[in-house]
Undergrad: 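Got a structure for you, written out below as structure tokens; questions coming shortly.
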Amino acid sequence: MMLLSQLMQDALAATPDKLALIFEDDVLSYREMHDAIERSAQALLSLGIGRGDRVAIFMRNRWEYVELYFACFRIGAIAVPLNHRFQTDEVVFAITHCTAKLLLADQALLPVVRKAPSMSSTAPRESRSSDSRGAR
């Protein structure tokens, strides 16, 4: 059985400079995609995410969605996609039902998330990216 993370590793080894992903104006090679996945995987690990943990991803279509999916696969976490059209009650239901340990949302969807009642004793943290790709 081949794992998705192994497919990326094989493509990286065989053709590191070949185009892996094109989304709007962003173009990434397998090497660039691998580097982004590794950075996100390390960030997830630093947040305490590990094998078997569920990570809810609440984003519109963007290349970082693919990056985060593969980052979850890389560390053995379970990516849980949420429809970007969900309203607050649907987001709350989905992350509660799947027992997500972490919710990742893009900046445009933060207003939906902010309307949710507090579900833990810790306040939600926002991570802002300084590059042109936007916040996660």
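Computed from heavy atoms alone, side chains included, the values below leave out hydrogens, waters and symmetry copies.
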Undergrad: Start with the C-alpha distance between Ile57 and Tyr65, add both sets of side-chain angles, then the distance that settles side chain to side chain contact (heavy atoms under 4.5 Å, CB included), and finish with yes or no.
TA: CA-CA 8 Å; Ile57 303 173; Tyr65 207 113; 3.9 Å; yes
Undergrad: Going by heavy atoms in the side chains, are Leu104 and Phe58 under 4.5 Å from each other?
TA: no
Undergrad: Using side-chain heavy atoms (C-beta onward) and a distance below 4.5 Å, is Trp63 in contact with Met33?
TA: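 Side-chain contact under 4.5 Å: yes.
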Undergrad: Could you pull out all residues at least two apart from Ala94 that satisfy side-chain contact (heavy atoms from CB on, under 4.5 Å)?
TA: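 So Ala94 forms a side-chain contact (heavy atoms from CB on, under 4.5 Å) with Leu82, Phe86.
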Undergrad: With sequence neighbours excluded, give me every salt bridge (charged side-chain N to carboxylate O under 4.0 Å, His left out) pair touching residues 87-98.
TA: none
Undergrad: Given side chain to side chain contact (heavy atoms under 4.5 Å, CB included), test His34 with Arg31 step by step and report yes or no.
TA: CA-CA 5 Å; His34 172 266; Arg31 182 185 330 273; 5.7 Å; no
Undergrad: Treating Asp106 as the side-chain partner and Arg60 as the backbone partner, does any N or O pair qualify as donor plus acceptor under 3.5 Å?
TA: yes
Undergrad: State yes or no: do Leu28 and Phe23 share one hydrophobic cluster built from I, L, V, M, F, W and Y residues joined by side-chain heavy-atom distances below 4.5 Å, directly or via other members?
TA: yes
Undergrad: Are side-chain heavy atoms of Ile95 and Val80 found at a separation under 4.5 Å?
TA: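 Of all side-chain heavy-atom pairs linking Val80 with Ile95, none is under 4.5 Å.
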Undergrad: I'd like to know if Leu109 and Phe93 are part of one continuous hydrophobic network [Ile/Leu/Val/Met/Phe/Trp/Tyr, side-chain heavy atoms within less than 4.5 Å].
TA: no
Undergrad: Roughly how far apart are Cys72 SG and Arg51 CZ, rounded to 0.5 Å?
TA: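 So the gap between those two atoms works out to 12.5 Å.
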Undergrad: Is the shortest heavy-atom distance from the side chain of His84 to the side chain of Met59 under 4.5 Å?
TA: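 The answer is no, as the side chains (C-beta and beyond) never meet within the 4.5 Å cut-off.
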Undergrad: Would Ile37 and Val66 satisfy side chain to side chain contact (heavy atoms under 4.5 Å, CB included), going step by step from the backbone distance to the final call?
TA: CA-CA 9 Å; Ile37 290 167; Val66 176; over 6 Å; no
Undergrad: Determine the minimum heavy-atom distance between Arg74 and Ala41, stating which atoms define it.
TA: CG-CB, 3.9 Å
Undergrad: If every non-hydrogen atom of Ala79 is compared with every non-hydrogen atom of Pro81, which pair is closest and at what distance?
TA: O-CD, 3.6 Å
Undergrad: Begin from the C-alpha positions of Ile78 and Val55 and carry the test side chain to side chain contact (heavy atoms under 4.5 Å, CB included) through to its verdict.
TA: CA-CA 6 Å; Ile78 301 164; Val55 176; over 6 Å; no
Undergrad: Same cluster for Leu45 and Phe70 if Ile/Leu/Val/Met/Phe/Trp/Tyr side chains link at under 4.5 Å?
TA: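 Linked, Leu45 and Phe70 end up in one cluster.
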Undergrad: What's the spacing between Lys18 NZ and Leu12 CG if we round to 0.5 Å?
TA: 13.5 Å
Undergrad: Calculate, to the nearest 0.5 Å, the distance between atoms CD and CG belonging to Glu24 and Asp26 respectively.
TA: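 One finds 7.5 Å between CD of Glu24 and CG of Asp26.
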Undergrad: In chain order, what residues pass the side-chain hydrogen bond (donor to acceptor under 3.5 Å, both in side chains) check against Asn83, with sequence neighbours excluded?
TA: none
Undergrad: Gly48 and Asp53: which non-hydrogen atoms are nearest, and at how many Å?
TA: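 In terms of heavy atoms, the two residues are closest at O-OD2, 3.6 Å.
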Undergrad: Closer than 3.5 angstrom, by distance alone: can the side chain of Asp10 be matched with the main-chain N or O of Leu7 as a donor-acceptor pair?
TA: no
Undergrad: Any sub-3.5 Å donor-acceptor pair from Glu32's side-chain atoms to Ser29's backbone N or O?
TA: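 Yes; at least one donor-acceptor contact below 3.5 Å.
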Undergrad: Quick one: does Thr88's side chain have a donor or acceptor within less than 3.5 Å of a partner on Val112's backbone?
TA: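 Side chain of Thr88 to backbone of Val112, a donor-acceptor pair under 3.5 Å: yes, one is there.
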